There are 2 protein chains.
Amino acid sequence: MREVAALAGVSVKTVSRVVNQEAGVSSAVRERVSSAVSRLDYRPNLAASNLRRAGARTGLIGALVQDLSNSFSAGVLRALEDTARAHRTGVLATSLDEGVERERELVHDLVTRRVDGLVIMPASTRHDYLVSELRTGTPAVFVDRPPRGVDADSVVVDNASGARSGTEHLLARGHRRIAGLFHLTQIVTVQHRIDGFRSAHEAFGLVPDPRLVVTDISSAEEATRVVDRLLALDDPPTAIFAARNLLATGAVRSLAQHGLRRSVALVGFDDFPLADLLDPPLTVVRQDVARIGRTVGELIFQRIDGDTSPPRHVVIEPTLVVRGSGEIRPTA
Amino acid sequence: MREVAALAGVSVKTVSRVVNQEAGVSSAVRERVSSAVSRLDYRPNLAASNLRRAGARTGLIGALVQDLSNSFSAGVLRALEDTARAHRTGVLATSLDEGVERERELVHDLVTRRVDGLVIMPASTRHDYLVSELRTGTPAVFVDRPPRGVDADSVVVDNASGARSGTEHLLARGHRRIAGLFHLTQIVTVQHRIDGFRSAHEAFGLVPDPRLVVTDISSAEEATRVVDRLLALDDPPTAIFAARNLLATGAVRSLAQHGLRRSVALVGFDDFPLADLLDPPLTVVRQDVARIGRTVGELIFQRIDGDTSPPRHVVIEPTLVVRGSGEIRPTA
DNA sequence: TGTGACCGTGACATCGTTGTCAGAACCGGG
DNA sequence: CCCGGTTCTGACAACGATGTCACGGTCACA
């Protein structure tokens, strides 16, 4: 900046005025400064500017998601990004891979970076550690999983209701032996999905066979092996409820290997690209990722703009998308 | 920081020493300062610190990708993110959606933010505008599409060779009327894929029927309509080469609607999750996204660490993944 | 006891920028 | 020609941190 000032023969303050398009600079001087700026490839230092300006923003929000390459995370992030762009803000996104310790470190790091807001798809189950972080004034919004131990906005889907409707869909078609595939039980949303799975059974006066309820499956490959095993039972399931997108794809792989894709019903939780192109097309409980991402964006920017009303907890209802795989009748 | 110093009864410089774990502070003082830090929830201001420190890094790299929610972009980004984490660096990712103007603005913005490096999956075809941006010393690496008008590292796949091997795969199985679906011709990689498609034909002493070569298709929906139209021709294609993941899925939708998934052969360019679960499973030319992302990460961090050797252009060979859809024989 | 080395600490300048305020130059009106 | 009011410009301090250097105190040793 000093160099620009020297080249243009003015003070640094005048350069600052020109760069920030402040009024009250003669056009002759403005011209000289502008040409000096471009001749020297001068770029104002945003950090220094933010330092000096009162209550300036960094124009950055931090987003901690489960896994960038998972279509759910990516979809939410994409919608969030679009909202952020409208507010001239960048998104600093990181995958957590269910790493609890990593979550803590990253939050600390992001707060230290002075991001304007945090969007957290948490790996941890207790978020007390956030209290001191948020005292610094950084607003946070939780996505997909609700906050515990700290008061913050959240956007989640009604997991119990989604799992319930998916399961009831199978029960209503006569299935009585339904396998339930679930992710890590320590995750609250997974617990809710299990609850929904059970309450659907109760509504039909049934109790799920414990051998058919498998939890803590964390990859598609593991889901495939689990289904392989279930299909080998004396009385195998006639339908499968896979409570997460990766588990559904794992289940499809197993069914395909056994040539049972058209005989065993399957309902998944989470829609994903191409689910409609499978054969049979996959019936799923869909979470509207774009809407979730947009809602998160709206909440966080309201907070950034100074909204201090009590935390809001937005619950988005998932919808059942009927495509074929969930309508297969039980084999006698 | 002043408050911490006051509370601990020391100077700010000593607080700085403790925070940065510098040697030469008595443990008593260190103790007092640490407790003051946690009592006040003090967080050092990274921006101010960077301002003072000579040649400090922001610990940020900017990544401009085509579309975060596309599995190709997301996969590359995920691998890049992992590399960046190893270097204690965050990734500021943005979708370009083929927006040329947006690319320019974002690059300018990121350079102004003083990111340590830029990773660009460019929307534009000429990158002269980068010359002045890069003069500031920010290194850049191009992904997926090569730089033109500026000297910078790049990581691309051999598009011509990939398209050629995919097309030859179909020709070798007796197909003579092969439809080619391509994205925007202004994109260099698309031109190369077209070249590969043609040269495969030449190798068989053939010339593609111009009516079967459709370019500038930019969405899955449009691809579906195009295939609908091609199938309605008097002499419809017996095989389809879809030179991008979205175009392949669009093609599958059309084939499905016409009940032709098992009669018309299909080879796609770009692998994606679940391609193996389609029926028939999709034969594709696969780009190793993880390897691309890792390579990009290695290049950019070498530059950040001061490597000033001439630009390197890494070409990654795509591989043909045979699954079924590409092995369908032509119908008589 | 004096001396030099070393240790712990703080004062001050500085990074690049902008808010504040004051001064210089110019204008029109009396 | 003087005066008050604009208009334009610059000097200076400050944002939050750290590099430099100098200071006072301990300690070992001559």
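The structure presented is a predicted model; accordingly, all values stated were derived computationally and were not measured. Residue numbers begin at 1 in each chain, while the letters A, B, ... track the order of the sequences.
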Open item on the list: Tell me the closest heavy-atom pair linking A:Ala93 and A:Leu77, and the distance in Å.
Closed with: CB-CD2, 3.6 Å
N/O-N/O pairs, protein side and nucleotides 7-9 of chain C side, under 3.5 Å:
from  : atom 1 : to      : atom 2 : distance (Å)
C:dT9 : OP1    : B:Ser26 : OG     : 3.1
C:dT9 : OP2    : B:Ser26 : N      : 2.9

Task: Ring center gap for A:His108 and A:Tyr129 short of 6.0 angstrom - done: no
- [ ] Carefully, step by step, assess B:Asp97 and A:Arg78 under the rule salt bridge (Lys or Arg N to Asp or Glu O under 4.0 Å).
- [x] CA-CA 11 Å; B:Asp97 294 320; A:Arg78 178 60 216 257; 2.6 Å; yes
- [ ] Check every strand shown and say whether A:Asn20 touches a base, only sugar-phosphate, or nothing at a heavy-atom separation below 4.0 Å.
- [x] sugar-phosphate
Task: Pairs touching residues 25-35 of chain B that satisfy side chain to side chain donor-acceptor pair (under 3.5 Å), sequence neighbours left out - done: none
At a cut-off of 3.5 Å, list every protein nitrogen or oxygen paired with a nitrogen or oxygen from nucleotides 12-16 of chain D, distance to 0.1 Å.
from   : atom 1 : to      : atom 2 : distance (Å)
D:dA14 : N3     : A:Arg52 : NE     : 2.7
D:dC15 : O2     : A:Arg52 : N      : 3.4
D:dG16 : N2     : B:Ala48 : O      : 3.3

- [ ] May I have the step-by-step check of salt bridge (Lys or Arg N to Asp or Glu O under 4.0 Å) for B:Arg104 and B:Glu101, ending in yes or no?
- [x] CA-CA 5 Å; B:Arg104 249 195 268 273; B:Glu101 199 45 49; 3.7 Å; yes
- [ ] Provide, to the nearest angstrom, the distance between the CD atom belonging to B:Glu3 and the P atom belonging to D:dA17.
- [x] 11 Å
- [ ] Report yes if the side chains of A:Leu64 and A:Val107 come closer than 4.5 Å at any heavy-atom pair, otherwise no.
- [x] yes
Task: Interatomic spacing from CD in A:Glu81 to CD1 in A:Ile61 - rounded to 0.5 Å - done: 10.0 Å
Task: Backbone of A:Asn45 reached by a side-chain donor or acceptor of A:Ser49 within 3.5 Å - done: no
